[in-house]
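Every value quoted in this text rests on a predicted model; they were computed, and no experiment measured them.
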Amino acid sequence: FIGDPVACCSMGHEAIGNWLTAEIGSNTILIGKLQHALQQLQQRTLWEYHLDGIEYAIELTREQAIVRAHSLFADTDNLTDGLDYYDAESLARCGLQDFATLLTAWCQFIGLATKSS
């Protein structure tokens, strides 16, 4: 959509940028759920958190954030000879603190007030 914020992450982390753009955007409810889960993970009162979206899923653990595109589970057995399934932008991971910093920066970028993490 024209005018919507877009997150661009470095090579190897593109899936996180795509997830932020496509699944989170400026959805304050989802952002609040993520912030709450991050707080619980950092306080060690939660082991992991999983959020399924339309195109991507994210798993947060006490150590890391993992974003996976649902297309990773697509059937690639029927591809035409000579074609490969491109999935380099379908999976990314980073440390939990780095993810918390990214989410805070995203909120600032889209103009939302953030909770301290």
Side-chain angles (χ1 to χ4, degrees):
F1 300 118
I2 297 175
D4 287 342
V6 175
C8 297
C9 293
S10 62
M11 186 179 289
H13 296 97
E14 297 97 340
I16 296 173
N18 294 341
W19 169 80
L20 267 174
T21 301
E23 302 288 348
I24 301 304
S26 58
N27 186 323
T28 56
I29 293 170
L30 290 179
I31 291 170
K33 287 180 180 182
L34 288 165
Q35 290 172 330
H36 183 69
L38 282 167
Q39 183 180 30
Q40 289 180 306
L41 288 162
Q42 291 169 333
Q43 292 174 350
R44 308 289 233 198
T45 59
L46 184 67
W47 281 100
E48 62 183 32
Y49 177 79
H50 186 85
L51 180 64
D52 239 351
I54 295 169
E55 296 179 37
Y56 292 88
I58 186 166
E59 179 182 346
L60 302 176
T61 68
R62 292 179 177 182
E63 288 81 34
Q64 65 181 343
I66 304 167
V67 173
R68 287 185 183 90
H70 295 308
S71 63
L72 277 177
F73 305 106
D75 179 18
T76 58
D77 293 337
N78 297 325
L79 288 177
T80 305
D81 287 342
L83 294 180
D84 289 323
Y85 181 71
Y86 177 76
D87 64 357
E89 296 176 13
S90 300
L91 174 69
R93 62 184 78 222
C94 68
L96 188 66
Q97 187 55 49
D98 290 336
F99 178 78
T101 300
L102 174 65
L103 186 62
T104 298
W106 177 252
C107 289
Q108 291 170 349
F109 176 68
I110 63 172
L112 293 179
T114 60
K115 297 177 185 176
S116 301
S117 41

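Within the model, atoms CH2 of W106 and OG of S26 stand 8.5 Å from one another, a figure rounded to the nearest 0.5 Å. If you take OH on Y49 and CG on L38, they are separated by 9.5 Å, rounding to the nearest 0.5 Å. With rounding to the nearest 0.5 angstrom, the CG atom of L102 is 9.5 Å from the SG atom of C107. With rounding to the nearest 0.5 Å, the separation of CD1 in I24 from CG in L103 is 8.0 Å. To the nearest 0.5 Å, the span separating CD on Q35 from CG on L30 amounts to 11.0 Å. Here I31 contributes atom CD1 and L112 contributes atom CG; the two are 5.0 Å apart, rounded to the nearest 0.5 Å.
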Kindly list each side-chain donor-acceptor pair under 3.5 angstrom involving residues 53-62, sequence neighbours excluded, with atom names and distances?
{"residue": "Y56", "atom": "OH", "partner": "N18", "partner atom": "ND2", "Å": "3.4"}
{"residue": "T61", "atom": "OG1", "partner": "E63", "partner atom": "N", "Å": "3.2"}
{"residue": "T61", "atom": "OG1", "partner": "Q64", "partner atom": "N", "Å": "3.0"}
{"residue": "T61", "atom": "OG1", "partner": "Q64", "partner atom": "O", "Å": "3.3"}
{"residue": "R62", "atom": "NE", "partner": "L46", "partner atom": "O", "Å": "2.9"}
{"residue": "R62", "atom": "NH2", "partner": "R44", "partner atom": "O", "Å": "2.9"}

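In this view, F99 and W19 satisfy the ring pair (Phe, Tyr, Trp, His ring centres under 6.0 Å) rule, not counting sequence neighbours.
The minimum heavy-atom distance between S90 and A15, with the atom names listed, is C-CB, 3.8 Å. Here the shortest heavy-atom pairing between G25 and I110 reads O-CD1, 3.3 Å.
Checking D98, V67, I66 one by one against R93, the side chain to side chain contact (heavy atoms under 4.5 Å, CB included) holds for a single residue, I66.
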